[in-house]
2 protein chains.
Amino acid sequence: MQNGAVDAREDEKRELRLWLRLLTTTKVISQEIRRRLRREFGATLPQFDVLSQLFREPDGLRLGELSKRTMVTNGNVTGLVERLETEGLVVRQALPSDRRVTITRLTDEGRAIFQRMADAHETWLKDMMSDVDPIIVSGLLAHVDKVIHSAQRHTSDDGTPDEA
Amino acid sequence: MQNGAVDAREDEKRELRLWLRLLTTTKVISQEIRRRLRREFGATLPQFDVLSQLFREPDGLRLGELSKRTMVTNGNVTGLVERLETEGLVVRQALPSDRRVTITRLTDEGRAIFQRMADAHETWLKDMMSDVDPIIVSGLLAHVDKVIHSAQRHTSDDGTPDEA
DNA sequence: TGAAAATATTTGAAGCTTAAAATAAAATCG
DNA sequence: CGATTTTATTTTAAGCTTCAAATATTTTCA
């Protein structure tokens, strides 16, 4: 028993190690999804993300809302939506009652294409996680939530317990 | 009990939901780490990642190796290392025995600065995960590994069971 | 009302990201 | 040996990313 100290030190790095694992997981999976989205739909992951948010809001969203939901900065959403509009998947329209606001919504074509993307996307994920016991998937689902909440509470930008 | 069908459908989306949660987690945490790295060290997350890999290889790494370990494309590593060299944190040197190869290693300054970054980084993570029971962290550590392995096995680029 | 503050979005600069093409230097083998 | 293939890295083009500064437009309230 000469490495008690090492175990203790390693044990203190639990959080760090979990973080590195989470990072690796999302890198591996999102690279694969990116590849497939590009190959099969000529789309990017952020574009898919935007379409996905708009899909569940038939009345459209203002850019600020879209920015929050996709966790993409405001400036970023501008270009993202611009490109999607060029492709004919979304439309932008000014809000007459408040001329600062732009509302974006899916076009019929955008809706149809997103449907196909979403189906493929779900299949890809089931495939990539097919070696993981469903029980474990469910367990992870619950526990990862705790990490999200903890992280959000200790973050400077959102859900801030700062400035009190 | 009228929503049995809904439950079943939802249940099929376990993997999808886990994926979205993982994505949210890494976005929240990495945004915070990015912010702090920038504020406190004027560095980016990919730069931190490169430094971290070089830190554990005193003899340096060839760019291709660095690219694999950081999961960053070759072309990307070129610019990343270039900028780090400008800052004096790493040096590049050609390998005389094979003139295609470039070896990169930390400078003494790079090593010292990385030490400080790494300490801060570990603290930030402990802080962000401080509301999560250590038992759960350890459990996640093990289970997330299963997801990584499954994903890697079902991916077109690495660990390919393709082309057999 | 009209100046100041708040809100919504866009722009700009620097850097990261990918995939794919280009360059360069070995290695293979006919 | 010398042409072909492989390997290592760089370059390029398009898009994403952040933060911060700039524009517009509304709101507040003195």
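Values in this document were obtained by computation on a predicted structure and should not be read as measured data.
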* Asked: Any idea which of dA8(D), dG15(D), dT11(D) is nearest the E82(B) side chain?
  -> dT11(D)

* To do: Mark yes or no for a side-chain to base donor-acceptor pair under 3.5 Å between R34(A) and dT18(C), with no hydrogen or angle criteria applied.
  => no

* Asked: Which whole-number value in Å describes the distance from R62(A) CZ to dA24(D) P?
  -> 20 Å

* T78(B) side chain, from C-beta outward: closest of dT18(C), dT11(D), dA8(D) -> dT11(D)

* Rounded off to whole Å, could you give me the CG-to-C1' distance for the L63(B) and dT7(D) pair? => 13 Å

* On a plain distance test, is the side chain of R100(A) in donor-acceptor contact with the base of dT9(C) below 3.5 Å? -> no

* Structure fact -> When M71(A) and L95(A) are each assigned the nearest nucleotide of DNA chain D, the 5'-most assignment goes to M71(A)

* **Residue whose nearest DNA chain D nucleotide is more 5′ - K68(B) or G75(B)** => K68(B)

* To do: Grab the CG-C1' distance between L37(A) and dA19(C) for me, whole Å please.
  => 15 Å

* Rounded distance (Å) that lies between atom C1' of dG15(D) and atom CZ of R38(A) -> 9 Å

* Check whether any side-chain N or O of K27(B) sits under 3.5 Å from a backbone N or O of V72(A) as a donor-acceptor pair, and report yes or no. => no

* Quickly work out the N74(A) CG to dT25(D) P distance and round it to whole Å. => 17 Å

* Are the side chain of K146(B) and the backbone N or O of V137(A) linked by a donor-acceptor pair below 3.5 Å? -> no

* Asked: From the list dA25(C), dG15(C), dT10(D), which nucleotide is the closest neighbour of the side chain of R99(B)?
  -> dA25(C)

* Asked: Is any side-chain N of the basic residue among R83(B) and E87(B) closer than 4.0 Å to the acidic one's carboxylate O?
  -> no

* Asked: Could R62(B) and D98(B) be called an ion pair, given the rule that one side-chain N must be under 4.0 Å from one carboxylate O?
  -> no

* To do: Answer with base, sugar-phosphate or nothing: what part of the nucleic acid does G64(B) contact at a heavy-atom distance below 4.0 Å?
  => sugar-phosphate

* Check every atom of dC16(C), dA19(C), dC16(D) against the side chain of R83(B) and return the nucleotide holding the closest atom. => dC16(C)

* To do: Take the protein atom CZ of F48(A) and the nucleotide atom P of dC16(D), then report the distance between them rounded to whole Å.
  => 15 Å

* Asked: Base, sugar-phosphate alone, or nothing: which one does T73(B) contact when heavy atoms must sit under 4.0 Å apart?
  -> base

* **M128(A) backbone acceptor or donor facing S150(B) side chain under 3.5 Å** => yes

* To do: Establish, with yes or no, whether the OP1 or OP2 oxygen of dC16(D) is under 4.0 angstrom from a side-chain nitrogen or oxygen of N76(A).
  => no

* Asked: Looking across every strand, which nucleic acid part, if any, lies under 4.0 Å from V72(A) by heavy atom: base, sugar-phosphate, or nothing?
  -> sugar-phosphate

* Distance test, side-chain N/O of Q31(B) to OP1/OP2 of dT17(D), below 4.0 Å -> no

* To do: Return the value, rounded to whole Å, for the distance between atom CZ of R35(A) and atom C1' of dA20(C).
  => 14 Å

* Asked: Are any side-chain N or O atoms of T155(A) and backbone N or O atoms of E32(B), one a donor and one an acceptor, separated by less than 3.5 Å?
  -> no

* Structure fact -> Between CZ of R39(A) and C1' of dA20(C) the distance, given in whole Å, is 13 Å

* Asked: NA contact type, L80(A), heavy-atom cut-off 4.0 Å: base, sugar-phosphate, or nothing?
  -> sugar-phosphate

* **Sugar-phosphate, base or nothing in reach of D98(B), heavy atoms under 4.0 Å** => sugar-phosphate

